[in-house]
Amino acid sequence: MLKINRQIRKLWQWRAVWIATPTIAAFVMAINATGWLQILELATLDILFSLRPREAPDPRIVIITIDEPDIRYLGKWPMSDALLSQLIEQIKQQQPRAIGLDFYRDLPNEPGHQQLVETFKSTPNLIGVDKIIGDVVDPPPTLAERDRVGISDLILDIDGKVRRILMSHKDRHNQTRLSFGAMLSLMYLKDRGVALEMINPDKMHLGLGKAVFVPFSANDGGYMGANPGGYQLIMNYRGDLEDFYTVSLTDVLNNQIPPNLIPGADPDYPLRDRIVLIGPIAPSLKDFFFTPYNSSLLGNPEPTPGIIIHANLISQVISAALDGRPLIQVWSQIIEGIWIFFWSFIGASLVWLFRQRRPGKKRGLPGRLIVSLILAGSSILISGYGAFLASWWIPIVRPLLSLTGSAMVMIFYHQKQVQRENEKKLAQFLEAVPVGITVVDPTGHPYFVNQKAKEILGKGIIFQATFEELSTVYQSYIAGSDRLYPTEKLPLFRALQGESTSIDDMEIHRDRQMIPLEVWGTPIYDELGNIAYAMVAFQDISERKKSEADRKAFTEELLRLNKAYQRFVPNQFLQILHKNSITEVELGEAVQRNMTTLFSDIRDFTALSEHLSPEQNFQFINAYLSCMEPTINQNNGFIDKYIGDAIMALFPVSPDDAVKAAIAMLQQLKIYNQKQPLGIHPVKIGIGINTGSMMLGTVGGINRMDSTVISDAVNLCSRVEALTKTYRVSVLITQYTLLELADPSHYHIRLIDRVKVKGKSKPVTVYEVFDGDDPEVIQGKLATRTQFEQAISLYHLGSYNEAEDLCQKCLEVNPLDLTIEFYLNRIKGDR
């Protein structure tokens with residue numbers, strides 16, 4: 001019996017651990033259920049992929065890449081049906097196991113269409129693509145008739161990355177369609193005698209050779225509430241572009257496939273028995289996606305071509321089926337819960353054990369506890385990485401939160417225990433402290449008043465005084481008035497309600513003196529958590545009040561000066577130079593940053609200003625600039641300078657901020673044109689945006705200096721803004737800005753031209769962002785975007801007649817598109 005009692009006492013001593021462990025674990029799982037931790041778990045998965053040792057290229061897959069030099073060799077894009085037919089025929093001579101065509105071919109592209117149809121018919125191992133989700137793209141009719149088309153749709157996570165892949169999905173006709181990669185994989189495995197079989201119809205577990213496929217669920221791994229539509233798998237990436245065998249399209253067309261392309265392959269037929277994928281990697285074709293390997297944090301922000309993602313799926317499927325390469329596996333929800341609970345227990349236990357071992361010793365966290373918590377956290381990271389090397393994706397962020405959360409709760413609990421012990425000792429010093437101290441019991445009756453309190457109040461304890469009488473008895477008033485301090489706001493009263501308060505608006509009126517007080521009130525609890533006492537401390541702050549008044553006046557003057565300075569030198573400029581005040585800035589200081597520049601200018605301002613008086617000119621300019629400035633500031637930008645009617649703004653955080661600001665400026669301009677008081681014609685502006693490295697600093701002389709930005713990127717931005725007049729558009733961005741956007745699909749963007757601007761030796765590609773246009777213009781540009789961009793490509797290839805025909809068709813659909821008229825005139829002039 002005594003032994004049992006001892007065990008019970010030991011368990012009772014650990015009661016804080018037994019309470020903290022499930023509470024913190026449940027709290028972490030509750031936070032996870034909201035989806036707030038999903039992005040952190042996904043980012044951790046990206047790091048695991050990047051840290052995992054790279055695998056050797058899969059010798060069963062060869063990618064025929066289409067890069068910018070290949071497009072120049074072809075002379076146009078899309079390539080003609082005749083060239084595509086020639087390409088397929090030359091690949092067929094290599095006797096590949098399967099051929100995958102990863103670009104859309106829903107329309108004929110003469111010459112050679114009938115030749116391509118015959119090639120499609122005579123190539124039974126050729127698989128094409130279509131798109132069935134979102135903006136639908138039809139398949140090549142000939143391949144569709146023979147059921148040799150796979151879907152190319154990819155799944156984007158909440159951060160825009162591809163971590164899951166479709167094996168199949170239902171199309172518009174509710175027919176289940178296999179993905180592009182799945183069809184090629186099954187075609188390859190069929191020749192090896194490996195076929196797909198259903199293992200568990202209820203759970204949709206599929207067997208394929210040595211592999212068992214389990215469909216993705218909404219809460220697998222670090223996901224929470226993801227869309228599990230179709231048959232999805234978590235991608236077990238083999239690698240990026242450099243991790244696959246590739247050969248250029250030009251080399252294939254010229255029969256120059258390297259004989260040693262794949263070690264051990266037949267040098268005369270290096271593509272024999274391979275899966276050959278044909279797809280673009282050229283930036284101009286925009287078939288790029290972000291994957292776990294594409295992260296600015298990990299030093300590789302460049303997106304991955306879509307053909308590489310399909311190659312990874314194919315490698316994943318055939319490697320799992322033939323080689324037993326594991327698929328990404330996840331724990332069940334129950335096991336994840338146990339894992340999180342376990343680390344919550346570890347965190348609470350470590351704090352409790354070290355607390356138990358150091359009774360009466362120096363307060364604070366012992367070094368061994370800190371080291372133990374670090375080792376525990378490292379164990380979570382190592383376990384997660386080790387599991388990932390075995391293709392298990394286990395939680396990392398959630399157990400780390402459980403470990404640290406339970407440790408912090410126990411540290412707080414320990415500190416509260418120490419605090420209660422110290423409160424017993426504190427009573428011995430109350431009489432000696434230099435501030436007034438008053439203590440009352442739970443009923444509000446005075447219990448203790450030290451000597452300093454008697455000196456300030458002029459009275460000792462008035463035992464018969466009730467709460468309602470305290471302000472009258474001690475002559476407590478609201479500072480600067482003749483009103484007694486309200487009982488319900490007294491710190492003593494609020495302390496008995498469980499509040500800790502601090503006030504400095506009380507005065508004691510005594511002997512014709514008004515003594516300002518700062519008063520603190522706090523409840524004192526017993527071991528059961530009940531209020532045992534309420535304590536109030538107060539001191540005479542007459543001198544401090546006077547000092548504060550002087551300091552407030554001085555501070556207000558400094559604030560006025562600072563606001564005045566900010567109107568001439570933006571605060572963001574000081575932050576970039578790492579300065580706290582304009583007084584710290586010296587001539588010649590500069591920093592180099594990658595930033596985005598925005599130039600805007602009023603169209604035909606000279607002609608507009610001729611009809612206005614000087615006073616009206618300034619009124620107009622200031623009204624216009626005041627309208628534009630807030631939109632720039634609201635999008636994390638700042639104005640570097642005003643150049644007459646022009647604005648130069650900098651966006652140090654993200655190019656998306658500049659694009660959003662430009663769209664907002666156009667929307668604000670519409671409102672301004674409706675309300676502008678001078679009765680002039682509606683104002684139109686042009687906006688140019690460019691991203692690049694630039695030097696930001698100060699220039700000038702000893703007595704006069706200014707902030708400025710020096711860079712080719714700034715000059716290019718100014719030139720691009722001027723091009724808005726040429727192409728008759730409102731917003732132009734460069735290729736450098738487009739590539740830095742987080743997700744270009746969030747905006748309405750179309751290719752405008754590849755131009756050689758003044759001061760630049762290399763041509764620059766410019767794009768129009770037309771989100772700020774009128775709704776009917778936006779719809780027209782969206783409807784004609786593909787044809788319009790094809791017309792531009794044809795124009796640059798010298799196919800003026802075809803370019804003119806496409807422009808005329810675009811103009812019929814969207815007669816409000818002024819850029820089309822520009823190109824029609826340009827074509828006529830170049831003939």
Side-chain angles (χ1 to χ4, degrees), residues 558-582 584-585 591 593-602 605 618-676 683-692 694-698 706-711 713-714 717-718 720-721 724 730-734 737 740-742 746-747 769 771-772:
L558 286 179
L559 287 174
R560 286 193 295 270
L561 288 173
N562 191 43
K563 289 181 179 178
Y565 286 138
Q566 288 182 10
R567 299 176 68 183
F568 293 93
V569 179
N571 190 50
Q572 296 93 329
F573 171 80
L574 297 177
Q575 292 174 354
I576 293 174
L577 289 181
H578 305 294
K579 303 296 182 183
N580 296 319
S581 168
I582 192 173
E584 301 177 10
V585 179
V591 294
R593 285 281 297 273
N594 197 68
M595 293 189 288
T596 300
T597 312
L598 179 149
F599 271 89
S600 75
D601 196 11
I602 297 177
F605 174 69
F618 273 95
Q619 179 185 353
F620 163 68
I621 285 294
N622 288 331
Y624 162 74
L625 296 177
S626 297
C627 180
M628 295 295 108
E629 179 187 20
T631 61
I632 293 172
N633 294 336
Q634 290 163 8
N635 287 280
N636 302 318
F638 66 92
I639 294 175
D640 178 68
K641 57 177 63 68
Y642 298 111
I643 313 169
D645 61 304
I647 296 173
M648 175 183 170
L650 299 176
F651 295 82
V653 179
S654 167
D656 289 85
D657 293 334
V659 175
K660 293 174 183 176
I663 297 169
M665 290 171 68
L666 294 175
Q667 298 297 333
Q668 195 65 29
L669 184 64
K670 295 177 183 178
I671 299 173
Y672 171 80
N673 282 328
Q674 295 173 357
K675 297 182 178 180
Q676 62 91 4
V683 175
K684 294 183 178 180
I685 64 175
I687 300 174
I689 299 174
N690 183 41
T691 302
M694 54 193 70
M695 293 291 295
L696 185 145
T698 56
D706 196 3
S707 62
T708 190
V709 179
I710 302 174
S711 171
V714 177
C717 184
S718 176
V720 171
E721 183 278 319
T724 60
S730 296
V731 181
L732 284 178
I733 66 174
T734 65
T737 297
E740 291 288 337
L741 293 177
H746 286 172
Y747 313 101
V769 179
D771 297 75

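Excluded from the calculations below are hydrogen atoms, water molecules and symmetry mates; all remaining heavy atoms, backbone and side chain alike, are included. Residues take their numbers from the sequence shown, with the count starting at 1.
Between the side chains of Asn690 and Thr734, a donor-acceptor pair is found at a separation under 3.5 Å.
When every heavy atom of Phe599 is checked against every heavy atom of Ser718, the shortest pair comes out as CD1-N, 3.7 Å. The heavy-atom pair separating Ala658 from Ile689 by the smallest distance is O-CD1, 3.7 Å. Pairing each heavy atom of Val720 with each of Gly688, the nearest pair is CG1-CA, 4.1 Å. Annotation for Cys627 and Pro630: closest pair O-CD, 3.6 Å, computed over non-hydrogen atoms. Here the shortest heavy-atom pairing between Ala713 and Met694 reads CB-CE, 4.0 Å.
Taking CD1 of Ile671 as the reference point, atom CD of Gln674 lies at 7.0 Å (rounded to 0.5 Å). Put simply, CD1 on Ile687 and CD1 on Ile647 are 8.5 Å apart, with the number rounded to the nearest 0.5 Å. Atom OG1 of Thr596 and atom CZ of Arg593 lie 10.5 Å apart (nearest 0.5 Å). Atoms CG and CG, from Leu669 and Leu666 in turn, are 7.0 Å apart once rounded to the nearest 0.5 Å. Interatomic distance, CE of Met628 versus CG of Leu598, reported as 11.0 Å (0.5 Å rounding). How far CG of Leu732 is from SG of Cys717: 10.0 Å, rounded to the nearest 0.5 Å.
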Decide yes or no on side chain to side chain contact (heavy atoms under 4.5 Å, CB included) for Met648 and Val714, but give the supporting numbers first.
CA-CA 9 Å; Met648 175 183 170; Val714 177; 3.5 Å; yes
Tyr747/Val659 under side chain to side chain contact (heavy atoms under 4.5 Å, CB included): CA gap, chis, key distance, verdict:
CA-CA 9 Å; Tyr747 313 101; Val659 175; 3.8 Å; yes
Pair Thr597-Leu650, side chain to side chain contact (heavy atoms under 4.5 Å, CB included): steps then yes or no
CA-CA 5 Å; Thr597 312; Leu650 299 176; 3.9 Å; yes
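For Ser730, there are no side chain to side chain donor-acceptor pair (under 3.5 Å) partners at least two apart in sequence or on another chain. With sequence neighbours excluded, the residues forming a side chain to side chain donor-acceptor pair (under 3.5 Å) with Thr737 are Thr691, listed by chain and number. Under the side-chain contact (heavy atoms from CB on, under 4.5 Å) criterion, Ala661 pairs with Asn635, Phe651, not counting sequence neighbours. Listed by chain and number, the residues in a side-chain contact (heavy atoms from CB on, under 4.5 Å) with Glu629 are Asn633, Ile639, Tyr642 (sequence neighbours excluded). With sequence neighbours left out, Thr724 forms a side chain to side chain donor-acceptor pair (under 3.5 Å) with Arg603. Every residue meeting the side-chain contact (heavy atoms from CB on, under 4.5 Å) condition with Thr631, not counting sequence neighbours, appears here in chain and number order: Ala664, Met665, Gln668.
Residue pairs meeting the salt bridge (Lys or Arg N to Asp or Glu O under 4.0 Å) criterion with at least one member in residues 647-671, sequence neighbours excluded: Lys670-Asp774.
Using a 4.5 Å heavy-atom threshold, the side chains of Asp601 and Ile685 count as separate.
Not one N or O on the side chain of Asn636 forms a donor-acceptor pair closer than 3.5 Å with the backbone of Val653.
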